[in-house]
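Just below is one structure, and these are the notes that go with it.
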Amino acid sequence: MNLRDSALATADVLAERLASPQDVQGLHHRQGWWPQSLAHGAAGVALLHIERARTDQGPWQRAHDWLACAAAEPAVGGPDSHLYYGAPALAFALHAAADRPGRYARALDTLDRYVTKAIRDRLTQAHARMDRGEMPALAEFDAIRGLSGMGGLLLHRDVHTDVLREILTYLIRLTEPVKHDGELLPGWWSHLAPSGTSSPDYPEGHANNGVAHGIGGPLAVLSLAARRGIVVDGHLDAITRILTWLDHWQQDGPAGPWWPYWITREQLRSGTTGPGPSRPSWCYGTAGFARAQQLAALVLDDHARQQTAEFALLRAMTDPGQLGATVDVSLCHGFAGLAHITRLAADDALTPGLAECLPRLLAPITDTPHGTLADSLINPPDGGDIGLLEGAAGTALALNAFHTGTPSASGWETCFLTN
């Protein structure tokens, strides 16, 4: 069996184990049972079955069953909602399933009202925070809980471009440097720890670089919007400011270029970072950093920068030390994510060799017996995860995408800001 067929066979088994909510609802879920969660719940599993239905790999009924499970309770809106939970997550999944005009239109119109109100409320609060000269929480702007993620949703929906432009304008303002306690800091400097909470270990906060929770998310959504032709005043300048920051903190070692996950005030003053590179994941590592910078380079038509980003990814994906630090198969920080990002980057690349990394990246998944892999993800002794970020649905989506070798039919990667 060739690698593409092996990937599909593994995805088939995972999809079969997730055939209906009733099959898994009674299991022990490590993150709990959150139907409206893309990250860990039914909305994320629905995306798997939607993509498989749209690529003729599975029946639509499974997608409908999981969507019904996700939408069984009133949609969570307001400050508790974000791309990965509540009304925005439901809107993302329903739009992915809308394979013809008018499908789910009434439900999407209702959800859009929740979502646009939540976005505009957050934008008002964010601009007021800036006006007061205060530093942001990561959840204000990041890809998981914040306005970058909401921007990804609007890119996916391809409606309400006026609201998307408001998000882009806010992100541009976020990149502008600010003075705090006599020091010039990037506008995304947070007073919190990387956990998103106050901590004595980060008494002066930090600047987060990651795609999931740091400035990598705004860089990616600004670049993706520009690739769609949606550009606002100061757009390319903001992309350049973020890239200049990342250039300043780029580290070059025997394993190739890498970037620290975050910068503390002490490191900002000394110009030094801790040891690295660390795990090369989507959420924080070189894979996410490199793809975001590749997307930016494509927008700027900067071939040298594009090749630098691709070289960093190539070195990370062939470095035994970094791959050895990857210990699971998830999209967020495991081999499924590394393989999927590498495949996307290879499709856009000037640099040869990225596609040749895929067999090694997929081996920890496809070389594991299908049943063993499914058990380890869905029903291990310490609790499983069925969802998109760290669970079985995300792993299966990456395998399905590798098998088809074509752009996603449902656009599911947009919630990772990778395509």
Side-chain angles (χ1 to χ4, degrees), residues 36 38 74-92 95 108-180 185-192 196-198 205 207-208 211-226 228 230-235 237-239 241-242 414-415 417:
Q36 291 182 29
L38 276 182
V76 175
D80 292 330
S81 67
H82 48 76
L83 172 59
Y84 279 82
Y85 182 66
L90 292 176
F92 190 96
H95 178 71
L108 283 167
D109 286 345
T110 300
L111 290 169
D112 282 347
R113 288 195 290 274
Y114 280 107
V115 170
T116 54
K117 182 180 187 309
I119 289 172
R120 286 198 157 121
D121 286 348
R122 291 181 196 187
L123 286 169
T124 298
Q125 293 164 10
H127 284 294
R129 188 268 306 163
M130 292 177 180
D131 292 341
R132 293 191 302 269
E134 297 173 358
M135 291 183 281
L138 301 179
E140 178 185 291
F141 65 85
D142 75 11
I144 301 292
R145 299 162 297 173
L147 285 160
S148 292
M150 292 297 210
L153 168 62
L154 295 182
L155 282 170
H156 179 61
R157 288 278 289 122
D158 199 24
V159 295
H160 306 299
T161 55
D162 56 332
V163 185
L164 175 58
R165 289 175 183 276
E166 292 174 32
I167 291 176
L168 298 174
T169 298
Y170 152 76
L171 293 175
I172 290 164
R173 188 179 179 190
L174 183 76
T175 69
E176 295 172 355
V178 296
K179 184 164 282 190
H180 188 80
L185 303 174
W188 62 90
W189 192 282
S190 177
H191 59 292
L192 303 173
T197 60
S198 297
N208 198 299
V211 174
H213 295 298
I215 197 59
L219 176 62
V221 77
L222 285 165
S223 300
L224 289 169
R228 301 269 190 95
I230 304 171
V231 179
V232 298
D233 289 345
H235 199 127
D237 289 340
I239 290 175
R241 277 195 293 272
I242 300 170
T414 312
C415 66
L417 305 181

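Numbering starts at 1 and runs along the sequence shown.
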* **For Asp158, all residues meeting salt bridge (Lys or Arg N to Asp or Glu O under 4.0 Å), sequence neighbours excluded** =>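 Here no residue qualifies.
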Going from [atom1] on [X] to [atom2] on [Y], what distance comes out if it is rounded to the nearest 0.5 angstrom?
| X | Y | atom1 | atom2 | answer |
| --- | --- | --- | --- | --- |
| Thr414 | Phe92 | OG1 | CZ | 5.0 Å |
| Leu192 | Thr197 | CG | OG1 | 7.0 Å |
| Leu111 | Arg113 | CG | CZ | 9.0 Å |
| Asp162 | Ile167 | CG | CD1 | 10.0 Å |
| Glu140 | Ser148 | CD | OG | 10.0 Å |
| Leu90 | Tyr85 | CG | OH | 9.0 Å |

Is a donor on one side and an acceptor on the other found under 3.5 Å between the side chain of [X] and the backbone of [Y]?
| X | Y | result |
| --- | --- | --- |
| His95 | His156 | yes |
| Arg157 | Ala91 | no |
| Tyr84 | Cys415 | yes |
| His213 | Ile144 | no |
| Arg145 | Leu83 | no |
| Glu166 | Leu123 | no |
| Ser190 | Gly205 | no |

* **Non-neighbouring partners of Val163 that pass side chain to side chain contact (heavy atoms under 4.5 Å, CB included), sequence neighbours left out** =>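 With neighbours one apart ignored, the set is Thr116, Ile119, Arg120, Leu154, His160.
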How close do [X] and [Y] get, heavy atom to heavy atom, and via which atoms?
| X | Y | answer |
| --- | --- | --- |
| Ser81 | Gly77 | OG-C, 3.6 Å |
| Ala212 | Asp142 | O-CB, 3.4 Å |
| Thr175 | Ala238 | OG1-CB, 3.5 Å |
| Arg129 | Pro136 | NH2-CB, 3.4 Å |
| Arg241 | Pro177 | CD-CD, 4.4 Å |
| Met150 | Pro88 | CE-CG, 3.5 Å |

* **side-chain contact (heavy atoms from CB on, under 4.5 Å) between Met130 and Leu174, worked out** => CA-CA 8 Å; Met130 292 177 180; Leu174 183 76; 4.1 Å; yes
* Asked: Would the number of heavy atoms belonging to other residues, nucleotides or ligands and lying under 6.0 Å from CG of Asp233 be above 12?
  ->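 Atom CG in Asp233 is not crowded, with 12 or fewer foreign heavy atoms closer than 6.0 Å.
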* Is atom OH of Tyr114 surrounded by more than 12 heavy atoms (other residues, nucleotides or ligands) closer than 6.0 Å? ->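 Not buried by this count: 12 neighbours or fewer within 6.0 Å.
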* Run the side-chain contact (heavy atoms from CB on, under 4.5 Å) check on His235 and Ile230 step by step: do they pass? -> CA-CA 9 Å; His235 199 127; Ile230 304 171; 6.0 Å; no
* Would you call Asp121 and Lys117 a salt bridge, taking side-chain N to carboxylate O under 4.0 Å as the test? ->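 Judged by the 4.0 Å cut-off on N to carboxylate O distance, Asp121 and Lys117 do form a salt bridge.
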* **Minimum side-chain heavy-atom gap Leu222-Ile172 below 4.5 Å** =>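 Leu222 vs Ile172: side chains touch.
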* Asked: Are any of the side-chain heavy atoms of Pro218 and Trp188 separated by less than 4.5 Å?
  ->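 Of all side-chain heavy-atom pairs linking Trp188 with Pro218, none is under 4.5 Å.
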* Does the side-chain contact (heavy atoms from CB on, under 4.5 Å) test come out yes or no for Ile215 and Asn208, once each step is laid out? -> CA-CA 6 Å; Ile215 197 59; Asn208 198 299; over 6 Å; no
